Student: 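First the structure, which I've put down as structure tokens, then a few questions once you've had a look.
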Amino acid sequence: MDAKDLDSVSREEQKATLSNIILQCMIENRMTLENLDEACEIIREAYRKNATMKG
């Protein structure tokens, strides 16, 4: 298995881990997809600001 394949497997594992955590949180807190969309936008903005500060 080459580095590209390993990276792909790692990304799939990370995606599955994050999805499971988000789903569990949403179910426990009776959240909607609208809540998820709003949270994703907050996270995107935080990443943009972080990238700007490092750049």
Side-chain angles (χ1 to χ4, degrees):
M1 193 177 266
D2 63 16
K4 186 177 180 181
D5 291 336
L6 286 174
D7 185 50
S8 177
V9 170
S10 176
R11 288 176 56 98
E12 288 298 316
E13 290 173 351
Q14 290 173 336
K15 183 170 48 175
T17 298
L18 183 57
S19 296
N20 289 336
I21 292 169
I22 291 170
L23 183 58
Q24 180 180 350
C25 178
M26 289 181 71
I27 290 169
E28 289 174 359
N29 293 287
R30 295 182 172 90
M31 294 176 158
T32 65
L33 291 176
E34 184 176 331
N35 297 130
L36 178 60
D37 289 340
E38 292 167 354
C40 285
E41 186 55 39
I42 291 168
I43 291 167
R44 283 186 192 97
E45 185 62 29
Y47 266 77
R48 285 184 201 113
K49 286 180 182 178
N50 189 31
T52 302
M53 287 181 197
K54 289 183 177 181

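Keep in mind that what you see is a predicted model, and the values were worked out from it rather than measured.
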Student: Ignoring hydrogens and angles, write down the donor-acceptor pairs under 3.5 Å from the side chains of residues 21-41, residues two or more places apart or on other chains.
Tutor:
unit_1 : atom_1 : unit_2 : atom_2 : d
Gln24  : NE2    : Glu28  : OE2    : 3.0
Asn29  : ND2    : Cys25  : O      : 2.8
Thr32  : OG1    : Glu34  : N      : 3.3
Thr32  : OG1    : Asn35  : N      : 3.2
Thr32  : OG1    : Asn35  : OD1    : 3.1
Asn35  : OD1    : Thr32  : N      : 2.7

Student: Please round to the nearest 0.5 Å and tell me the distance separating atom OG of Ser8 and atom CD of Glu13.
Tutor: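 Going from the OG atom of Ser8 to the CD atom of Glu13 covers 10.0 Å.
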
Student: Not counting sequence neighbours, which residues clear side-chain contact (heavy atoms from CB on, under 4.5 Å) with Lys54? List them please.
Tutor: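 Result, side-chain contact (heavy atoms from CB on, under 4.5 Å) vs Lys54: Asn50.
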
Student: With sequence neighbours excluded, what pairs up with Glu45 under the side-chain contact (heavy atoms from CB on, under 4.5 Å) test?
Tutor: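 Checked Glu45 against side-chain contact (heavy atoms from CB on, under 4.5 Å); matches are Arg48, Lys49.
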
